[in-house]
2 protein chains.
Amino acid sequence: MVSSSSVPGTEPRKVTIHDVARSAGVSRQTVSRALNDKDEIDGTTKQRVLDAARALGYRPSRFARGLVRQDTTTIGLVIPDLLNPFFTEVAAAALEAARSRGWHVVVYDTADTAEEERGTLQVISSQVDAVVGYFSCPEDEVELFTRGMPVVLIGREHRTARFSSIRIDGEDGVHAAVAHLVARGHAQIGMLDHDGRAEPSIRREWFTAAATSHGLDAGMVVGADQSADGGGAALRTLLTTHPDITAVLTFNDIIAIGALREARRIGRSVPEELAVIGFDGLQLGAVVEPPLTSVALDTRKLGALAIEQVARLLTGVNPLAADDLVVRAELRLAGSA
Amino acid sequence: MVSSSSVPGTEPRKVTIHDVARSAGVSRQTVSRALNDKDEIDGTTKQRVLDAARALGYRPSRFARGLVRQDTTTIGLVIPDLLNPFFTEVAAAALEAARSRGWHVVVYDTADTAEEERGTLQVISSQVDAVVGYFSCPEDEVELFTRGMPVVLIGREHRTARFSSIRIDGEDGVHAAVAHLVARGHAQIGMLDHDGRAEPSIRREWFTAAATSHGLDAGMVVGADQSADGGGAALRTLLTTHPDITAVLTFNDIIAIGALREARRIGRSVPEELAVIGFDGLQLGAVVEPPLTSVALDTRKLGALAIEQVARLLTGVNPLAADDLVVRAELRLAGSA
DNA sequence: AGCGTTCACGTGAACGTTCACGTGAACGCT
DNA sequence: AGCGTTCACGTGAACGTTCACGTGAACGCT
């Protein structure tokens, strides 16, 4: 029933197109014709070839095929953590955009470690035609391993002309968020920033500018670990230092969701006693109660844009300029603010 | 600065190892040695080759390389919807298990449509060495396109000997869940089943058996669309028909989370006035409030098991039998019941 | 001085397909 | 009957690497 390769000790010597040809009493080319549904082959011969191929357990080599007809495009998608809902959405969007072009996507989850990221970089160039993704290591290291390949970075500014990157522009969105809170009468607005990186986040800069423009104190900021628990803990810290805060913006939705949960635990009703506005606009925000108000970005557009740019870089025609590689995040009102 | 391939009209004629060799004044083999960090090459020569390769924008063909050294394994992971948290976790687990073996994973999101699933089946065999995933189309159709490849199905019983499948065994877990509810004094327990398929789900059968064994009415079941909104709507329906219900089991966590949200909306406190127990044990359950009690399965083990079986099928040694391809789901208590 | 060994290369073959082209037999038309 | 065309194949070459092996020069030892 099962092929002979399942017998221990028998190494599964590859069965090639020649074996099928010999078995069916035809030439390689005829086998190729039968398998690829080409013309110029007799019906009975075709069936005989197909039977022989099945009997031998024949499978064409994707390498040999790829070598001669250079038509399949495969891109590598590198993300730090597929379980992080933001990257889940980005990955889903990239997969969708790639599929609509008939491309294949190899996904690498670097487990948020520099070590795995380096490991991925080392093997990726021999597996794909282009790379889309998020890297935390220095640019020149990425450059070293992706030489000659199109690379599109996501959500990270790049410095060298070697890369493209999709920029997330939340400046107006954050301004709108602060304006919305002010209009609702909030005068003490804090922020739960991301504390993972060395420099302050650009999202915090947007918050600072917006708060300042309304004459508010922009200094009520604490860093949060990028998780729901981190968001809860950060809110606790923030409220200890600044008990009069009535609204918070957060670095992203995960942190905001943790803040929502913490607010319920300490008995602050949302949005009446504490307004919460996240960033990213994840689908996850619709599942929690109250639904999360967020400075939302269109992750599908983000993925589509990245793939579009890869396509242009691969063909070499009219790659998009930095100004066109922007996804704008806009305030989307829901229950939490 | 950028290669000449970016000039419109210039088709990017592939630069091969020969071009580099000629440019550096050496042979192909020496180029190969330089690029692959092999011995038997002089330091200066190596540098000269590397410089030439960079200047020409040379990138080795993965097809040619793969053809001659048959060492890379690539598997295809097929899932209906990456944004469904269950499949997100399965995908993450499979990626992790594959990475630890140095395998590459091509991910196909079939968008929950038969059409995309068929499209994926048609192309997948020429791209990967084995397939792991979830298919909704008939087995013989899967068989047709995956001829000769190892195939491991997830969360679906298979009928032919041609496939392996990972079975999810929640019988004991569901029994424990019902026993837990009974111990807490619940006498009217309903279920929110999945209504997507023709046949009743096996999870419902487990519920029926468990409820019956405790002398309870096992008939209070309604189907729910597989989404949070679906779960909310189904709970509403169920409580209309059976207002005296004090606890519900659900087909999965997504539905349970919708039920939690609906309970809050109609003013039933959880778990005091309505106990909710989900199925799957997703990480998502820890984010909602109260945290979700669930008949939890170990998705990492699920992914690891699938990859392990693929490895055994590929080498042909000791494939696991059906009895070993089981992931048991166990009751995990949290706040909602 | 003689000879084995190492170094730093190069050359032909092979991996398993598809493409371009060639070819004999059968067919159809005048 | 003669000849062009179609049908159903087959054959050599090519895709771009790496592997196995070959080779001349330099080196080191007695």
Side-chain angles (χ1 to χ4, degrees), chain A residues 11-50 52-53 56-74 123 125-129 147-149, chain B residues 11-50 52-53 56-74 123 125-129 147-149:
Chain A
E11 62 244 35
R13 202 187 59 77
K14 261 287 211 176
V15 29
T16 76
I17 201 172
H18 291 96
D19 302 319
V20 179
R22 197 177 325 122
S23 166
V26 295
S27 72
R28 316 185 302 278
Q29 186 57 20
T30 301
V31 176
S32 177
R33 277 190 268 255
L35 265 64
N36 295 314
D37 250 333
K38 291 261 174 89
D39 282 346
E40 307 190 18
I41 185 171
D42 181 77
T44 17
T45 313
K46 184 170 180 176
Q47 193 53 52
R48 189 156 39 98
V49 170
L50 259 32
L56 295 174
Y58 168 71
R59 273 185 3 95
S61 154
R62 69 169 179 279
F63 297 114
R65 181 175 283 177
L67 187 56
V68 50
R69 41 185 224 208
Q70 334 245 22
D71 53 357
T72 57
T73 301
T74 302
V123 299
S125 76
S126 63
Q127 294 289 322
V128 302
D129 304 307
R147 201 148 275 171
M149 270 197 294
Chain B
E11 62 243 36
R13 202 187 58 77
K14 260 287 211 177
V15 29
T16 76
I17 200 171
H18 290 96
D19 302 319
V20 179
R22 197 177 326 122
S23 165
V26 295
S27 71
R28 319 184 299 277
Q29 185 58 19
T30 300
V31 176
S32 176
R33 277 191 268 257
L35 266 64
N36 296 313
D37 249 333
K38 290 261 173 89
D39 283 344
E40 307 190 18
I41 185 170
D42 182 77
T44 15
T45 314
K46 184 170 179 174
Q47 194 53 54
R48 188 158 38 98
V49 170
L50 258 32
L56 295 175
Y58 169 70
R59 273 184 5 94
S61 153
R62 69 169 179 280
F63 296 115
R65 181 175 281 177
L67 189 56
V68 49
R69 45 185 221 209
Q70 334 246 21
D71 52 356
T72 57
T73 301
T74 302
V123 299
S125 75
S126 64
Q127 294 289 323
V128 302
D129 303 309
R147 202 149 275 170
M149 271 198 294

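Below, read A as the first sequence line, B as the second, and so on, with proteins coming before strands; counting in each chain starts at 1.
With a cutoff of under 4.0 Å to any heavy atom of chain B, the contacted region of DNA chain D is bounded 5' to 3' by D:dG16 to D:dA20.
The side-chain hydrogen bond (donor to acceptor under 3.5 Å, both in side chains) check on A:Ser27 picks up A:Thr30, with sequence neighbours excluded. Partners of B:Ser32 by side-chain hydrogen bond (donor to acceptor under 3.5 Å, both in side chains), not counting sequence neighbours, listed by chain and number: B:Asn36. In this view, B:Thr74 and A:Arg62, A:Gln127, B:His104, B:Val106, B:Val128, B:Asp129 satisfy the side-chain contact (heavy atoms from CB on, under 4.5 Å) rule, not counting sequence neighbours.
Of all heavy-atom pairs between B:Ala21 and B:Arg28, the closest is CB-N, 3.8 Å. Of all the heavy atoms in A:Gly57 and A:Val15, the pair that sits closest is O-CG1, 3.9 Å. Smallest separation of non-hydrogen atoms from A:Tyr58 and A:Leu35: CE2-CD2, 3.1 Å.
Where B:Ala64 and B:Arg33 meet DNA chain C, the nucleotide closest to each residue was compared, and B:Arg33 sits on the side nearer the 5' end.
As judged by a 4.0 angstrom heavy-atom cut-off over every strand, B:Arg59 is placed among residues touching the sugar-phosphate backbone only.
Recorded end-axis angle for the helix from C:dA1-D:dT30 to C:dT30-D:dA1 stands at 30°, based on five pairs per end and rounded to 10 degrees.
Rounded to the nearest 0.5 angstrom, B:Asp71 CG and B:Arg65 CZ are separated by 9.5 Å. With values rounded to the nearest 0.5 angstrom, A:Leu56 atom CG is found 9.5 Å from A:Arg22 atom CZ. A distance of 7.0 Å separates NZ of B:Lys38 from CD of B:Gln29, quoted to the nearest 0.5 Å. To the nearest 0.5 Å, the span separating CD on A:Glu40 from CZ on A:Arg33 amounts to 5.5 Å.
DNA chain C is contacted by B:Glu40, B:Ile41, B:Asp42, B:Thr45 of residues 40-48 of chain B, taking any non-hydrogen atom closer than 4.0 Å.
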